[in-house]
Amino acid sequence: MKPKVVTRFAPSPTGFLHIGGARTALFNWLYARHHGGEMRLRIEDTDRARSTKEAIDAILDGLTWLGIEGDGEALYQSERAARHREVAEALLAKGAAYRCYTSAEELAAMRETAAAEGRPPRYDGRWRDRDPSEAPAGVDPVIRLKAPLEGETVIPDLVQGEVRFANKDLDDLVILRSDGSPTYMLAVVVDDHDMGVTTIIRGDDHLTNAARQSLIYKALDWPVPEMAHIPLIHGPDGAKLSKRHGALGVETYRAMGYLPEALRNYLVRLGWSHGDDEFFSTEAMIELFDLGSVGRSPARFDFAKLENMNGHYMREADPAALLDALGPVIDAEEDAPALKAALDAGGRERLAIAMPSLAERAKTLKELLDNARFLWAARPLAMEEKAQKLLDGEAPAHLAALNARFAALPDWTAEAIEAAVRAYAEEAGLKLGKVAQPLRAALTGSTTSPGIFDVLLALGRDEAMARIADQAA
RNA sequence: GCGCCCUUCGUCUAUCGGUUAGGACGCCAGAUUUUCAAUCUGGAAAGACGGGUUCGACUCCCGUAGGGCGUGCCA
């Protein structure tokens, strides 16, 4: 029987959780869930200078928002330095590693000559077999792995297939720095092993590292975990995803009004497919996800498709949940304070009533919010040019007549409102549009809005009639 | 420079030697409609290039071009 699957997501907290990291986390999570296993979290904060508390929180918050939960406590790599050092010493003791006293200047010179001679810049192994007694005084050595000189290292990758590296191309990497701290290469191997990780799923920018790490595993006589290197996500222009090209923190997507389920669905389809299917519930994703269906070519991030999916999920969402999700979007608005004041002054009630109708026609919560602003706009409404035109001719008279009918309605319900407007149109011998458009203009100052009856209802009788009166003859 | 990876409509992808190369987003046209959105119908749109292998290649092999990643006492 195969051991329980354990995957891990190991971000380095030097920035925020960007879209590529989010997808890596998602794949790890799906794979673990699919196999009834666990996904552990590890914060790779070895680089103290560049790791910040804010970044760690942003990553954790981002994962939570996306609905991706790690199992068990998150491991902080920085707390494991002693263990890393211990493993490096053990390697040294068994002769699989050695102390190297080469200075930074020597290393630089080495690379320079290599470049000049057109050779790959690699450490030349000058301390590999040197006697420790030759060590220069006062120099703190690093510990390097005594990597094999010949043969090849094969990574049986679950996504990439068998990837081969000639060992001669892999030099003796540093595993412990001169200050006694572990390098990433060592720390990753030790932590993955100690955490019981069975399957490593990460970006294919780590593919070369996989070979080096594989060498460390072998030197330690530890089993090499299964690996899957997934292709990176590129920006819309095909260039590497950078801060200028869509590599925004997930919290930015939240502020832009995307729903986590939509982002997740979009992300899972970037690189992974299941026939012609596009939409997957969380359960379906977990059930169907497998690494064999992950492609090997990089994908471009496409906001248009994300928006489409987001619209889909917004239409399906619970209106009350949408109202809650609006928070971060409102905070990101330039006029956030005024907006909140308007919402508190009755806007929220109107918004709640109009929500189903609003959600139907917006692709993001940001768009929804923009479309909702007429709800709490101050009278007299500013008229768009095209809206103003709808108020010409007979329109003011019709508005006045409608207001009279509205005033007489016993109840201000969707049914009553619709019946009244339709009856008026019919009696006046007008197509509904002839009545609805002027109404829309008077009520929203615009030519586009949610369904007119929904607008009437959301505004409430008093406000609606007041706005109509402003434009009536 | 060297190593590794990649290459089907504009984008995400299906295809796992034999298909009119399918779907989705976007785009265009039409239908519907109280506007917008949604929805429905239809349309334009792809195998980077050159060689092989094969009865037959998008699919396998080689090369070229293009792209990506790596090449640190960063992670």
Side-chain angles (χ1 to χ4, degrees), chain A residues 10-14 44-47 49-51 77 100 102 104 107 111 114-123 140-144 155 157 160-161 163-166 169-171 173-179 181-185 187-188 203-212 229 231-232 234 236 238-240 266 269-279 295-309 311-312 315 357-363 367 371 386-387 390 421-422 425 431-437 439-441 444 446-453:
Chain A
S12 65
T14 52
E44 309 217 318
D45 55 350
T46 319
D47 191 344
R50 292 198 297 154
S51 300
Q77 195 159 61
C100 168
T102 311
L107 249 16
R111 285 195 198 98
E117 291 167 24
R119 285 183 295 107
R122 278 194 299 269
Y123 173 67
D140 290 325
V142 299
I143 295 182
R144 284 180 185 271
I155 305 297
D157 195 280
Q160 306 287 338
V163 184
R164 297 164 177 280
F165 295 90
D169 294 329
L170 274 13
D171 60 2
L173 58 287
V174 173
I175 55 177
L176 203 71
R177 300 192 185 96
S178 48
D179 65 0
S181 66
T183 60
Y184 163 76
M185 222 56 86
V188 166
D204 71 8
D205 49 338
H206 285 282
L207 196 49
T208 325
N209 291 339
R212 297 201 162 85
H229 289 90
L232 269 17
H234 289 176
K240 184 191 176 185
Y266 177 69
R269 283 287 292 106
L270 236 41
W272 177 77
S273 62
H274 182 262
D276 287 340
D277 299 345
E278 294 287 347
F279 289 96
R296 281 181 288 269
S297 52
R300 296 189 191 198
F301 194 88
D302 181 20
F303 272 99
K305 186 150 185 176
L306 205 213
E307 285 208 344
N308 172 270
M309 287 197 148
H312 172 96
R315 272 171 255 128
S357 186
L358 248 10
E360 238 178 276
R361 58 207 86 215
K363 293 194 179 69
E367 191 186 335
N371 292 343
K386 280 190 280 184
L390 288 173
V421 175
R422 284 190 188 279
K431 288 186 68 178
L432 186 55
K434 281 292 178 195
V435 180
Q437 280 304 79
L439 257 184
R440 189 183 318 280
T444 70
S446 163
T447 55
T448 68
S449 82
I452 198 64
F453 308 123

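Within every chain, numbering begins at 1; the chains are lettered A, B, ... in the order of the sequence lines, protein sequences first and strands thereafter.
Checking the phosphate oxygens (OP1, OP2) of B/G72, a side-chain nitrogen or oxygen of A/Arg111 falls inside 4.0 Å.
Looking only at side-chain heavy atoms (C-beta outward), A/Asp157 and A/Leu207 come within less than 4.5 Å of each other. Two residues are said to be in side-chain contact when any heavy atoms from C-beta on lie closer than 4.5 Å; A/Phe453 and A/Val421 meet this criterion. Side-chain contact between A/Pro13 and A/Ser51 is present, with heavy atoms from C-beta onward closer than 4.5 Å. In this structure, A/Asp204 and A/Arg296 have side chains that are not in contact, with every pair of non-hydrogen atoms separated by 4.5 Å or more. Between A/Asp302 and A/Tyr266 the shortest side-chain heavy-atom distance falls below 4.5 Å. When side chains are defined from C-beta on, A/Tyr123 does not count as touching A/Val174, because their heavy atoms never get closer than 4.5 Å. When side chains are defined from C-beta on, A/Leu270 counts as touching A/Phe301, because their heavy atoms get closer than 4.5 Å. Side chains of A/Ser12 and A/Tyr184 form no contact here, defined as non-hydrogen atoms less than 4.5 Å apart.
Backbone-only engagement by A/Ser273 is indicated by non-hydrogen atom pairs under 4.0 Å involving sugar-phosphate atoms exclusively. Across all strands shown, A/Asn209 has heavy atoms under 4.0 Å from base atoms, whether or not it also approaches the sugar-phosphate. Using a 4.0 Å heavy-atom cutoff across all strands shown, A/His274 reaches no nucleic acid atom at all. Across all strands shown, A/Ser357 has no heavy atoms under 4.0 Å from either base or sugar-phosphate atoms.
If you measure from atom CE of A/Met185 to atom P of B/G70, you get 11 Å, rounded to the nearest angstrom. Atom pair A/Asn371:CG and B/A38:C1' shows a separation of 14 Å (rounding to whole Å applied). Atom NE2 in A/His234 sits about 13 Å away from atom P in B/U11, given to the nearest Å. In this structure, A/Glu360 atom CD and B/U39 atom C1' are separated by 10 Å, rounded to whole Å. The nearest whole Å value for the distance from the CG atom in A/Leu170 to the C1' atom in B/G72 is 15 Å. As rounded to whole Å, 17 Å separates atom C1' of B/G10 from atom CZ of A/Phe301. The distance from atom CG of A/Leu232 to atom C1' of B/C12 is 16 Å, rounded to the nearest whole Å.
Across all strands shown, B/U35 remains unpaired; no Watson-Crick or G-U wobble contact has both distances below 3.5 Å. The nucleotide B/G30 finds its pairing partner in B/C40, both defining distances of the Watson-Crick or G-U wobble pair being shorter than 3.5 Å. Across all strands shown, the partner of B/G50 is B/C62, judged by Watson-Crick or G-U wobble contacts whose two distances both fall under 3.5 Å. In this structure B/U71 sits in a base pair with B/G1, meeting the Watson-Crick or G-U test at under 3.5 Å. With a cut-off of 3.5 Å on both pairing distances, B/U8 has no Watson-Crick or G-U wobble partner at all. Pairing for B/G18 is with B/C55, a Watson-Crick or G-U wobble pair whose two hydrogen-bonding atom distances lie under 3.5 Å.
Taking the P atom of each, B/G63 and B/G3 are spaced 12 Å apart, rounded to whole Å. The separation of B/U41 from B/U33, taken at their C1' atoms, amounts to 16 Å, rounded to a whole angstrom. Spacing of C1' atoms, B/G70 relative to B/A75, comes out at 13 Å, to the nearest Å. Comparing B/A46 with B/G10, their C1' atoms sit 10 Å apart, to the nearest whole Å. Only the P atoms considered, B/C27 is 29 Å distant from B/G67, to the nearest whole Å. When the P atom is compared between B/C49 and B/A65, the two are found 16 Å apart, to the nearest whole Å. Comparing the same atom, P, in B/A14 and in B/G22 gives a spacing of 15 Å after rounding to whole Å. Across the C1' atoms, B/A57 and B/C16 are found 13 Å apart, a figure rounded to whole Å.
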Distances under 3.5 Å between protein N/O atoms and the N/O atoms of nucleotides 41-43 of chain B, please, pair by pair.
none

Could you go through nucleotides 2-7 of chain B and list every protein N or O atom that sits under 3.5 Å from one of its N or O atoms, giving the distance for each pair?
residue: B/C5; atom: O3'; partner: A/Gln160; partner atom: OE1; Å: 3.4
residue: B/C5; atom: O2'; partner: A/Gln160; partner atom: OE1; Å: 3.3
residue: B/C6; atom: OP1; partner: A/Arg296; partner atom: NE; Å: 3.2

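A search for ring-ring contact (aromatic ring centres under 6.0 Å, His included) contacts involving A/His274 returns nothing, not counting sequence neighbours. Scored by the salt bridge (Lys or Arg N to Asp or Glu O under 4.0 Å) test, A/Lys305 finds A/Glu278 as partners (sequence neighbours excluded). Applying the salt bridge (Lys or Arg N to Asp or Glu O under 4.0 Å) rule to A/Asp169 yields the partners A/Arg122; only residues at least two apart in sequence or on another chain are considered.
When every heavy atom of A/Arg144 is checked against every heavy atom of A/Cys100, the shortest pair comes out as NE-SG, 3.3 Å. Taking every heavy atom of both residues into account, A/Ser178 and A/Asp140 meet most closely at CB-O, 3.3 Å.
Judged by distance alone, with hydrogens and angles left aside, the side-chain atoms of A/Arg440 form no donor-acceptor pair with the main-chain N or O of A/Gly451 at under 3.5 Å.
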Sugar-phosphate or base contact per nucleotide [nucleotides 19-36 of chain B; S, B, -; heavy atom under 4.0 Å]: ---BBBSS-------BBB

